[in-house]
Amino acid sequence: MRKKFVSKVLMLVSTMALLSGCAAAPNGAVSGTVNGGAPASAPTSTPSSVPANGNGEDVAAKPEEEQSRHPKYVFLFIGDGMSFPQFQSAADYLGAMDDSDYMKAVPSLEDNQRAVLDGPVALNFMGFETVGSVVTYDSNSFAPDSASTATSIATGHKTYSGSINVDETATVSYETITEKVHDQLGMRVGVISSVNLNHATPAAFYAHQASRSSYYEIGLELIDSGFEYFAGGGLLKPTGADKDKEDLYVLAENAGYTVVKTQAEAEKVTSGPVILIDEHLADSSAMAYELDRTDGMWSLADYVEKGIDVLDNDQGFFLMCEGGKIDWACHANDAASTIHDTLAMADAVQVAIDFAKEHPGETLILVTGDHETGGLTIGFAGTDYDTYLSLLDSQKISFARFDSDYVSAYKENKTPFETVLADIEELFGLRADGDADDKLALTDYELGLLETAYEKSVNEKDTGMAEQAEYVAYGTYEPLTVTITHILNNKSGVSFTSYSHTGLPVAMFADGMNAEQFDGYYDNTDIYVKLADMLGVK
């Protein structure tokens with residue numbers, strides 16, 4: 001199985017990628033925009049409308065036979081909740097960890113001993129040949145949800161937040177790019193997610209439901225899709241909301257799927273149709289956060305490797321892989337978990353990069369997000385122009401595991417605050433006692449925040465805050481846990497503005513065959529249009 005990222009390996013990968021191809025600068029708005037660049041509500045682009053690729057070549061002027069060629073292998077990686085702040089903070093974190101004098105190079109110190117910041121370590125996909133920006137709004141919000149944005153990517157249509165591949169009336173269903181290539185071209189299809197396989201983003205590639213919460217019905221559509229490979233988190237509500245329906249896993253087996261729930265069995269899989277459920281399911285039956293994963297547990301990259309083994313054939317394949325826990329970590333404002341799950345997705349992308357080297361001229365790799373989550377930013381009022389991103393390395397477990405393994409026990413045992421502080425120091429590095437130069441030493445103000453949150457979480461005491469102030473402080477998360485991550489985030493020089501999604505555009509990184517068509521600034525519906533046009537599906 002794949003090991004966790006180390007910064008020097010990633011630096012080598014990114015350097016090689018940068019040497020092999022540089023990112024193309026945007027050439028202005030592409031079709032799908034109107035009135036000087038405002039995104040149109042419906043896609044109108046065609047491959048010939050892209051003005052030029054990164055080498056200045058007029059795409060429309062290419063020979064007709066070259067334009068008509070399409071990739072045999074398509075990889076679509078979607079970092080749920082991943083926009084510019086998520087991958088840039090991951091790159092900056094790696095740069096901080098790899099820079100021996102990083103902590104001396106901060107701008108507000110009077111004497112930085114001539115230390116010079118080395119800068120970020122680019123993630124592998126940040127060196128792809130084409131880079132674009134993608135607008136994400138949906139039919140009722142500039143801060144959309146995963147169901148609607150994944151619908152736009154998969155079908156080229158806008159819809160309401162919460163709906164999957166149906167129109168705003170929920171009376172018209174949209175066929176997905178994966179259904180079309182599967183039925184019209186005979187390409188095999190795989191869907192991978194680090195969260196539940198019937199969650200919104202993966203569901204948008206095979207299901208058609210008015211509500212993303214119709215988990216059982218979505219699971220039935222998963223089975224009916226006939227796609228050859230599903231892998232990652234477990235199915236939500238496998239026996240229905242009232243637990244009175246036939247088990248989805250049994251129905252899948254009856255339909256011809258092999259259902260695998262252990263790594264030992266997964267190792268032996270060579271063909272589909274197959275559903276691989278991660279053996280080490282964590283919160284909400286999803287894969288564990290990368291921060292909690294051990295080397296003995298399969299990673300997202302392992303499921304991509306296995307997907308290639310299952311899907312590879314003469315007609316080619318389309319593989320969608322979602323890094324879903326980036327979004328969950330951002331909802332909870334856990335910067336360290338966000339960064340590590342972003343790195344886990346980059347590790348999965350590396351599998352596709354390695355495959356493309358063996359299949360040059362036949363492979364297209366796309367890396368994007370569906371929306372941004374959390375309003376993450378690099379910078380915090382309390383640290384001015386400074387960042388101390390290497391402090392995030394002090395966090396040893398995710399917020400979710402701290403909730404399940406520690407806070408639940410605190411509540412049951414009414415654990416004293418002093419004992420809780422000792423655990424916080426061990427697991428997050430935050431110390432009640434520390435000298436003036438210790439960046440992880442808690443101030444009296446921060447200790448007060450922790451104690452108030454402790455009393456709220458463990459002893460269920462009223463905080464005395466107004467309801468709105470309490471929501472801003474804790475959201476819907478465990479008060480003690482989210483206060484710990486907020487303090488560590490802020491000491492590191494990063495912060496969040498929301499527990500929800502935001503309206504930021506997301507990036508599009510493209511490499512390989514027809515990658516130049518993804519240059520520019522365009523609507524997320526154009527992702528589908530570009531893919532459908534180049535693949536020749538109707």
Side-chain angles (χ1 to χ4, degrees), residues 1-7 9-23 71 73-84 86-91 93-94 120-132 134 153 190-194 201-202 229 231-232 287 290 293 298-309 311 317-327 338-360 362-370 506-515 518 527 531:
M1 67 283 302
R2 291 249 162 180
K3 303 295 183 181
K4 292 191 177 184
F5 261 155
V6 292
S7 60
V9 172
L10 192 56
M11 176 181 285
L12 177 61
V13 170
S14 62
T15 301
M16 291 173 65
L18 288 168
L19 288 173
S20 64
C22 60
Y73 307 105
V74 179
F75 293 88
L76 173 59
F77 292 91
I78 300 177
D80 198 319
M82 186 186 79
S83 180
F84 295 89
Q86 282 73 22
F87 60 75
Q88 190 61 55
S89 62
Y93 167 79
L94 290 179
V121 174
L123 309 191
N124 46 21
F125 55 81
M126 294 167 76
F128 277 9
E129 61 189 273
T130 299
V131 181
V134 180
I153 294 170
V191 175
I192 302 171
S193 178
S194 60
T201 302
Y229 183 73
M287 290 175 63
E290 182 68 6
R293 187 179 67 82
W298 269 29
S299 67
L300 204 60
D302 288 308
Y303 287 109
V304 174
E305 279 191 357
K306 181 57 67 174
I308 292 171
D309 290 343
L311 297 174
F317 61 76
F318 190 116
L319 179 61
M320 192 288 295
C321 175
E322 181 204 20
K325 301 204 81 170
I326 299 170
D327 174 74
T338 298
I339 285 170
H340 284 278
D341 265 83
T342 302
L343 297 179
M345 198 187 76
D347 202 7
V349 173
Q350 187 61 44
V351 178
I353 293 171
D354 294 341
F355 177 86
K357 291 174 183 175
E358 299 175 359
H359 300 271
E362 296 184 298
T363 307
L364 172 65
I365 307 173
L366 303 177
V367 180
T368 190
D370 49 358
V506 297
M508 167 61 81
F509 298 92
D511 206 60
M513 191 174 183
N514 297 334
F518 294 89
I527 297 174
L531 283 170

Are [X] and [Y] close enough that some pair of their side-chain heavy atoms sits under 4.5 Å apart?
X      : Y      : answer
Ile192 : Met320 : no
Asp302 : Leu300 : no
Leu343 : Leu123 : yes
Phe77  : Val304 : yes
Tyr93  : Thr338 : no
Leu364 : Leu531 : yes

Partners passing side-chain contact (heavy atoms from CB on, under 4.5 Å) against [X] (at least two apart in sequence or in another chain):
X      : result
Thr201 : Ile78, Asp80, Ser146, Ala150, Glu322, Asp370
Pro120 : Gln88, Ala91, Asp92
Ser89  : Ile339, Leu376, Ile378
Phe355 : Tyr73, Phe75, Ile308, Asp312, Phe317, His359, Thr363

Could you measure the distance from the [atom1] atom of [X] to the [atom2] atom of [Y]? Nearest 0.5 Å is fine.
X      : Y      : atom1 : atom2 : answer
Trp298 : Met287 : CH2   : CE    : 10.0 Å
Gln86  : Met345 : CD    : CE    : 10.5 Å
Lys325 : Glu290 : NZ    : CD    : 11.0 Å
Thr368 : Phe125 : OG1   : CZ    : 10.0 Å
Ser299 : Asp341 : OG    : CG    : 11.0 Å

Without swapping roles, check the side chain of [X] against the backbone of [Y] for a donor-acceptor pair under 3.5 Å.
X      : Y      : answer
Asp511 : Ile365 : no
Ser193 : Pro202 : no
Ser194 : Gly323 : no

Subject >> Set of residues satisfying side chain to side chain donor-acceptor pair (under 3.5 Å) with respect to Tyr229, sequence neighbours excluded >> reply: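 Scan of Tyr229 (side chain to side chain donor-acceptor pair (under 3.5 Å), adjacent residues dropped) gives none.
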Original post:
In chain order, what residues pass the side chain to side chain donor-acceptor pair (under 3.5 Å) check against Asp327, with sequence neighbours excluded?
Top reply: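 Per chain and number, Asp327 pairs via side chain to side chain donor-acceptor pair (under 3.5 Å) with His331, Thr373, His501.
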Subject >> Listed partners of Phe87 passing ring-ring contact (aromatic ring centres under 6.0 Å, His included), at least two apart >> reply: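 With neighbours one apart ignored, the set is Phe84, Phe509.
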Subject >> Smallest separation among heavy atoms of Met82 and Val506, with atom names >> reply: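 Result for this residue pair: O-CG1, 3.7 Å.
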Subject >> For Met508, the option from Val134, Val367, Val131, Thr130 that meets side-chain contact (heavy atoms from CB on, under 4.5 Å) >> reply: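 Only one of Val134, Val367, Val131, Thr130 forms a side-chain contact (heavy atoms from CB on, under 4.5 Å) with Met508, namely Val134.
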